[in-house]
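Every heavy atom of this structure was used, including side-chain atoms; hydrogens, water molecules and symmetry mates were not. Proteins come first, then strands; the chains are lettered A, B, ... in the order of their sequence lines, and each starts at number 1.
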Amino acid sequence: MKELEKTYDASAIEDRIYHTWEQEGYFGARPDPEKKPYTIVMPPPNITGQLHMGHAMDETLQDILIRYRRMQGYEALWVPGTDHASIATEAKVVEAMREEGLTKEMLGREGFLKRAFDWKDKYGNRIVSQLKKLGSSCDWSRERFTMDEGCSEAVLTVFKKLYDEGLIYRGNRMVNWCPYCNTSISDAEVEYESKPGKFWHLLYPVKETGEMLELATTRPETMLGDTAVAVNPEDPRYSHLKGCHAVLPLLNKEIPVVFDEHADMEKGTGVVKITPAHDPNDFEVGNRHNLPRVRILTYDGRMCGADDVREAQELLESGRAAEGEPEVLDCGKYAGLPALEARKEILKDLEAGGYLKETEEIQHDVGVCYRCHHVIEPMVSKQWFVRMQPLAEPAIRAVEEDRIRFVPERFKKTYLNWMNNTRDWCISRQLWWGHRIPAWYCEDCGETIVEKSAPAVCPKCGSTHLTQDPDTLDTWFSSALWPFSTLGWPEETEDLKYFYPTDTLVTGYDIIGFWVSRMIFSGLAYTGKEPFHTVYIHGLVRDSEGRKMSKSLGNGIDPLEVIDRYGADALRMSLLVGNAPGNDMRFYYERVEACRNFANKIWNAARFIMMNLEKADAAEVRTEDLAIEDRWILSRANRLAKEVTENLDRYELGIALSKVYDFAWDEFCDWYIEMVKPRLREEDAVTRNAAVFTLKKVLVTVLKLLHPYIPFVTEEIFTTLQDEEKTIMRSAWPVYDPALDFPAEEDAVEKIKDLVREIRAVRTGMEVPPGRKAQVYVVAKDEATRKIFLRSESFFRVLSYASNVTVLAEKTEEIPESAVSCLTAAAQAYLPLEELLDLEKERARLNKEKERLLSELKRSDGMLNNPRFTERAPEKKIHEEQEKREKYQTMLDQVEERLKLLS
RNA sequence: GGAGUCGUAGCUCAGCCGGGAUGAGCGUUCGCCUCACACGCGAGAGGUCAUGGGUUCGAUCCCCAUCGGCUCCACCA
């Protein structure tokens, strides 16, 4: 038997244990018809990412669920992997290249991709090794990557399928364009920053009436692309303008006045310029009124010129232009200028022409790219879209009908809210890093061909001049397939049949819309099944001030540093205690410390038990040899196992943990171990055996219940303690055993604990030095109670600091009048400590107790005497209240009797 | 503008979907190095459960309103 160190040192054992687990293949899972599967797919961390607290929490929750089910005998599979994170990774790689003076264009597509893959190999491994430090028990042999062969095959299959079904289309839409990254980004990737800006009030003359229409804009350069001005149809100020036209300054072009809801009567003058090609709202207005779209900006943010017009013309002639292609305007003298510089020039010219009325300073929110923080230009551009409505419908029903359940339930609303408002999903990105869109265009006839691999000739005209679409797919497109692409889909693999649908998805509430919803509709659409039945949502980890941890604030805490200092167990545990599912949690080192202390407590309890193991043969003990306290703790542990299992099944991980925590520290260590200490020194082998047997059995139960949460310490203790089983992580989860249910003993020990606590409190109150032992007289009218105290004498004496214990039926002459009294409902104790007895103090204490009891009785009587309570409340509640009342009355009688004696 | 969420002990949070707030950790006070553990042991102090109504025999819990904090979505000419 190994000896344990006095203080638990996590850093000394964690790496070794993890290594053993991996080596022994304990994390692996294979289809096994004898067992039920339990599957979780890990939300793939970005390859560019470092492990942060959010991951730590996410991974810990999954590991707990997996370890729990594995011990329960499920074939538990946790599939790990990483995400290529298209825009984030591409941005980082580009940045690294820039330091070497290189650009994407210089390297070419192939050269760039090679660099990106190198990056992936380097940093993808970093996050994997960090996950291992946490103790994650994933099946690493199945590690996947969103751009690996299998996942890519899944992506191509889905793209083709959706295209063939008409659910993917290409069209001109308003997108958020980042001129710096040179790509469209999704709405979610736009951040808003409050910046000082200007509101320019422009004047447009009306051709028919000659009046001047005043309107305001923050982007005056877009006026070149205006194709209408709009007023609200309800607005009396402008009703006379029906059928009129405004004359666009500088261009001297007539544009119609349209009547549209979009114009807000309350805002400004109620007149809005409409630039369908460069504003999302104007785009909609343009659609409603059939306005032309005039594009004035190039995709890298400059004013269009003659070249751009020619290019657009060629595109149109090639037949490859999609529907709704905007016209391009040659901006003449402004052509080629960056938008901001053109703005200056245009303002100058407007002012010169008398079209600029005033300039107003304002503070407004500007959309910027979440990567590079450059201002976003809304642009009409040709993109690929997924038609959402037919896909969303079944996904909404699956959740409404509870085939997929959210934990906590309130996130169902978040999900439905998102799904019910979803618009068509723009899936193309002008990036190189990602899944390239499997569409080819025929140079000759303009045909679009979607195939999983490059077609040799155009099926329409036979031409070999085919070019592939240069764009790649939105990262979430591949993430959406993750639950089944990782299991082999579209192949009908054994894994897929056995492990899919998966069981639980664990993730943060921040990506319900981007990810969870897309997995759900994808699973339903492509596999015909819900990809999981439960979505367990957790909150964010914040700093101690409640702020989001972020790089820019510099308030992030590195989980690896915490692991180094306190151990992975302490970190894992601290991310769970005292937190309800779905709620954000603040990170405190104090909490980690408390968890570390708990691990140490368990460690020392085990150490104590091991020190006594040799004193007895604990192999098997007859039930009748078990002492009252043995039965009590076994019964408690037994019920604990039952409750914890129920809590875990309901995903109440925090509650389950706090139950084991309280049991282990309070009941097991502070009470049971203390109770049993005298017996370990007993001559009698039977009682020693029973004690050691119980100690070990309860310890093992506690270790097993704790293992999912704190895998390392529990494994180290378990393997040191057990000789037959090799690992706790594949040992059997404790199950409720009716033979270990001892309600009478539980009740009895509670009575003893009550009196012990009372004696201790009285002694402390009287300032009796801990070393001063005293004779204790226990008085109990009830014979059964007397028996309990007699049978428990060995530990009752020690716990109550007694030199000797005498159990009596009545308070007899034997007990000195001056003895200090300790009163509980079941029994009373008297401590003859003459020299210490302070009559005043004793009376004061008793009077305070009397008052408390009287108020309790008043409350109880108030309820019981209320006929509406006794008539309407459930039988059980009434009975409980009656029992309470009786208890208070008994105690009050004792207190009063005692007070009478003292007066 | 739409939705959600929180307001309980000095701090951070639990509170089993109506029944005494003996709630937890940290902090704090007093006493203890009691032969597993000072990362510990024993005993305390500390709360009008944000405010105002309502439903109910009974509300920290359900409903409505108000105040204050946070989040997501939409919008920001």
Side-chain angles (χ1 to χ4, degrees), chain A residues 4 6-8 187-188 192 199 215-219 222 230 262-264 267-268 271-275 279-282 285 364-367 409-411 413-414 417-418 421 509-510 512-513 539-540 542 544 546 548 566 570 574 577-580 582-591 593-612 643 646-647 650 652 654-655 658 661-662 669-670 673-674 677 681 757 760-765 767-771 798-799 801 856 859-860 862-863 866-874 876-878 880-881 884:
Chain A
L4 298 180
K6 184 171 166 185
T7 303
Y8 171 61
D187 292 345
Y192 288 90
F199 225 11
L215 47 83
T217 177
T218 53
R219 297 190 302 154
T222 61
H262 167 62
D264 187 338
K267 273 186 190 169
V271 186
V272 201
K273 63 197 263 317
I274 301 296
T275 324
D279 181 279
N281 286 307
D282 295 2
V285 176
H364 65 153
D365 290 343
V366 181
E409 218 174 336
R410 71 181 124 98
F411 291 105
K413 278 189 196 148
T414 308
N417 216 24
W418 175 281
N421 295 316
Y509 58 71
D510 47 338
I512 290 175
L540 267 40
R542 299 171 173 278
S544 58
K548 220 164 161 171
Y566 297 97
S574 74
V577 293
N579 182 241
N583 286 1
D584 289 353
M585 136 174 278
R586 300 190 187 196
F587 183 87
Y588 284 95
Y589 273 107
E590 288 85 345
R591 187 173 10 225
E593 224 166 274
C595 295
R596 188 265 322 260
N597 294 352
F598 177 70
N600 188 242
K601 185 75 185 176
I602 300 298
W603 178 263
N604 271 289
R607 197 161 73 94
F608 173 77
I609 291 165
M610 285 184 212
M611 281 164 35
N612 286 287
E643 287 179 16
E646 286 165 359
N647 287 132
R650 288 198 295 263
E652 295 161 349
I655 293 172
S658 73
Y661 181 101
D662 290 341
C669 290
D670 290 348
I673 290 183
E674 293 307 321
K677 273 178 179 171
R681 286 174 234 132
R757 269 193 287 251
R760 285 172 176 173
V762 168
R763 282 177 60 110
T764 305
E767 290 168 11
V768 183
V798 179
L799 298 183
Y801 310 103
E856 290 290 6
R859 186 195 57 79
S860 211
M863 284 173 80
N866 181 346
R868 282 176 303 189
F869 172 71
T870 46
E871 279 160 26
R872 298 191 201 186
K876 193 172 154 237
K877 289 288 164 200
I878 298 171
E880 272 174 23
E881 206 48 47
K884 281 183 206 165

In whole angstroms, how far is the P atom of G4(B) from the CD atom of E409(A)? 14 Å

Using purine N1 to pyrimidine N3 plus N6-O4 or O6-N4 for Watson-Crick, or N1-O2 and O6-N3 for G-U wobble, each under 3.5 Å, what pairs with A43(B)? U29(B)

Would you measure the distance from the C1' atom in G46(B) across to the matching atom in G23(B) and give it in whole Å? 13 Å

Considering only side-chain heavy atoms of K273(A), which listed nucleotide, A77(B), A3(B), C11(B), is closest? A77(B)

Whom does G18(B) pair with, Watson-Crick or G-U wobble, provided both distances fall under 3.5 Å? none

Less than 4.0 angstrom between a side-chain N/O of R586(A) and OP1 or OP2 of U12(B), yes or no? yes

Roughly, in whole Å, what's the span from OH in Y589(A) to C1' in C11(B)? 18 Å

I need a per-nucleotide contact map over nucleotides 29-44 of chain B, read 5' to 3'. Cutoff is protein heavy atoms under 4.0 Å; write B for the base, S for backbone only, - otherwise. -------BBSBSSSSS

Starting at the 5' end of RNA chain B, which residue's closest nucleotide do you reach first, E652(A) or D662(A)? E652(A)

Just to be sure I understand the rule, does N583(A) reach a base, reach only the sugar-phosphate, or reach nothing, if contact means heavy atoms closer than 4.0 Å? sugar-phosphate

Gap in Å between the two P atoms, one belonging to G19(B) and one to C61(B), rounded: 11 Å

Spacing of T275(A) atom OG1 and R219(A) atom CZ [to the nearest 0.5 Å]: 7.0 Å

How about E674(A) and K677(A): do any of their side-chain heavy atoms sit closer than 4.5 Å? yes

R650(A) has an atom CZ; how far is it from atom C1' of C17(B), in whole Å? 12 Å

Whole-Å distance, R591(A) CZ to A24(B) P, equals 16 Å

How are the rings of Y661(A) and F598(A) set relative to one another: parallel (under 30°), tilted (30 to 60°) or perpendicular (over 60°)? parallel

Pairing partner of U60(B) (Watson-Crick or G-U wobble, both distances under 3.5 Å): none

Measuring only the P atom in each nucleotide, how far is C67(B) from A77(B)? A whole number of Å is fine. 29 Å

Interatomic distance, N866(A) CG vs U56(B) P [rounded to whole Å]: 14 Å

Could you walk me through whether I512(A) and W418(A) pass side-chain contact (heavy atoms from CB on, under 4.5 Å), step by step? CA-CA 8 Å; I512(A) 290 175; W418(A) 175 281; 5.7 Å; no

Say we look at G31(B) and A45(B): how far apart would their C1' atoms be, to the nearest angstrom? 15 Å

Short side-chain to backbone donor-acceptor contact, D584(A) and L540(A), under 3.5 Å: yes

Any strand counts, and the cut-off is 3.5 Å on both contacts for Watson-Crick or G-U wobble. Which nucleotide pairs with A36(B)? none

Phosphate-side-chain proximity, R868(A) and G58(B), N/O vs OP1/OP2 below 4.0 Å: no

How far, in whole Å, is U48(B) from G42(B) if one measures between their C1' atoms? 32 Å

Roughly how far apart, to the nearest Å, are G47(B) and U22(B) at atom P? 15 Å

Give me the ring orientation class for F411(A) and Y509(A): parallel if the planes are under 30° apart, tilted from 30 to 60°, perpendicular past 60°. parallel

Under a 3.5 Å limit on both distances, the Watson-Crick or wobble mate of A65(B) is U51(B)

Using purine N1 to pyrimidine N3 plus N6-O4 or O6-N4 for Watson-Crick, or N1-O2 and O6-N3 for G-U wobble, each under 3.5 Å, what pairs with G23(B)? C13(B)

5'-most contact on RNA chain B (nearest-nucleotide basis), M863(A) vs Y509(A), goes to M863(A)

What is the separation between atom CG on D584(A) and atom C1' on C13(B), rounded to the nearest whole Å? 13 Å

Pairing partner (Watson-Crick or G-U wobble, both distances under 3.5 angstrom) of C70(B): G4(B)

More than 12 heavy atoms of other groups within 6.0 Å of E409(A) CD: no

Answer yes or no: is there a donor N or O on one side and an acceptor on the other, between the side chain of N421(A) and the main chain of N417(A), under 3.5 Å? yes

Check for a donor-acceptor pair, side chain of N604(A) on one end and backbone N or O of R607(A) on the other, with a separation under 3.5 Å. no

Using the P atom on both, measure U5(B) against C62(B) and round to a whole Å. 10 Å

Sugar-phosphate, base or nothing in reach of S860(A), heavy atoms under 4.0 Å: nothing

G15(B) and C49(B), which share atom name C1', separated by this distance in whole Å: 11 Å

Whole Å only: how far is the OH atom of Y661(A) from the C1' atom of C26(B)? 10 Å

Mark yes or no for whether R591(A), through its side chain, and R586(A), through its backbone, hold a donor-acceptor pair below 3.5 Å. yes

If you check the Y588(A) side chain, which of A14(B), A77(B), U12(B) turns out closest? U12(B)

Spacing of W418(A) atom CH2 relative to G2(B) atom C1', expressed in whole Å: 15 Å

